[in-house]
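Labels below follow one simple rule: chain letters A, B, ... track the order of the sequence lines, proteins then strands, and each chain is numbered from 1. Just so you know, these numbers come straight off a predicted model, no measurement behind them.
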2 protein chains.
Amino acid sequence: MTLPTAQRIRLALENAIVDGRLTPGQQIDPDQVARDYGCSRTPVREALQALEASGLLIVQPKRGTFVAKLGVPELMDRFELMAELESFCARLACRRADADDLARIDTALTACEGARHDPDRYYAENTAFHQAIYRAAHNAFLETETLRLQAILQPYRRRQLQSPGRVANSLAEHRQIAAAIAASDADGAARAMTDHVLVQGERFRDLVAVVGSLSRPQAGGVALR
Amino acid sequence: MTLPTAQRIRLALENAIVDGRLTPGQQIDPDQVARDYGCSRTPVREALQALEASGLLIVQPKRGTFVAKLGVPELMDRFELMAELESFCARLACRRADADDLARIDTALTACEGARHDPDRYYAENTAFHQAIYRAAHNAFLETETLRLQAILQPYRRRQLQSPGRVANSLAEHRQIAAAIAASDADGAARAMTDHVLVQGERFRDLVAVVGSLSRPQAGGVALR
DNA sequence: TGCGTCGTTGTTGTATACAACAGATCGGAA
DNA sequence: TTCCGATCTGTTGTATACAACAACGACGCA
């Protein structure tokens, strides 16, 4: 219990969202959370505000707090930026990755291969592979920001890996990216990573084009235009 | 007021930091802020936490809350990402800017020209010029994130414009960027913007290289990063 | 039947009080 | 003089209570 309650709640909720136990659009009852953790509303409130700031929750004043449910335009914006950030990570990794970084990337790639027949495990190993590249960029701030955006997009990526054949394609792309980084081919790594991420965005758009028309998304990022 | 106290405080402090009325390293006394705004500690606490989440403040547990004072590695990381984000904005603007966007950019450029002899005014107009480009990228999420990072870096940019000749150079770079966007020259705009931002990062490093040796010598990470 | 209005109810925002913790300071002993 | 420890003080974390507000539903009126 060395960690403040508010942060424990924050991490727990964040994990629940990323792991899919809380799904986009789901309402969160602060009082219930407070009961669950045996605390008052105050630390819960702090946790919810922090999660809202990082984009995982949205608070609709006087209506309730919900797991962020992004509409198509909001998701396209985020995938577009994610592709750029990850691509930048890959590019920097080509310049800066040391032996340890390369080893971590290779280990993660192998773990992906081993998990290719188990979607849930592949999902986790895929996440780790990308994070190994963020780290290899040797820019702590970039790493943090990219991790945050990754967390926001995780609930939406999860579905995609269930498309038949997607895992195999993803694996092939991973190999290509890892090879480019190992060869210090900055342009190649950046391009491969951009494609890898944007494919997910495209796939997602296809998905929602079919299913999406049912439920109305809540505005996520808030654009003042 | 129609705005919650907590948000009023947050905005006020954010402006104070960006405008330079609160300087990096300065301590913030929550009780004093509460007195200033005639409220209790609760909304102040919320405001401070939000500002910490956005990177403008840092809270050292049991020691106090301070305006973020970034060291050289932290600043290099942020400038590096800023260059990438702004460059990406410029690139997207080439693809997506409509007549209104171009007009706003042009207006902002003209305002910069008019303010060239007044550093404070130029500082403000320079900010507006960049923001016009973020907006022209037509990616609301990217715009928000870039604005946030811009706010974090503002206190450090301010000093640079005081270097003799920097304003003139900055203006020339602005013209080049605006021209590239108007001509839909994506690569040219991206490159010009990257250089424009990185020059500021370099300039900053020169600055601290002179002054910084007293406070804390910086060893690694500065090389070619 | 449609619309406007009013009350109810849930949610949020704020105030206040208290407890726990860590840093800092001071004093004493080696 | 230096090191160690205890106390003291300031800061943070949490609990609780209350007030204000807006959304929602029900009711009445046209």
Provide a list of protein-nucleic acid N or O atom pairs under 3.5 angstrom, restricted to nucleotides 5-9 of chain D.
none

Side-chain donor or acceptor of A:N139 paired with backbone N/O of B:D77 under 3.5 Å: yes

For B:R45, all residues meeting salt bridge (Lys or Arg N to Asp or Glu O under 4.0 Å), sequence neighbours excluded: A:E46

Closest non-hydrogen atom pair, B:I152 against B:S54: CD1-O, 3.1 Å

Nucleotides 4-18 of chain C: protein proximity per nucleotide (B base, S sugar-phosphate only, - neither; heavy atom, under 4.0 Å): -------BBBBBB--

Residues forming a salt bridge (Lys or Arg N to Asp or Glu O under 4.0 Å) with B:R104, sequence neighbours excluded: B:D101

Parallel, tilted or perpendicular: rings of B:F129 and B:H174 (30°, 60°): parallel

Pairwise salt bridge (charged side-chain N to carboxylate O under 4.0 Å, His left out) hits with a residue in residues 17-34 of chain B, at least two apart: B:D19-B:R21

All side chain to side chain contact (heavy atoms under 4.5 Å, CB included) counterparts of A:L11, not counting sequence neighbours: A:L3

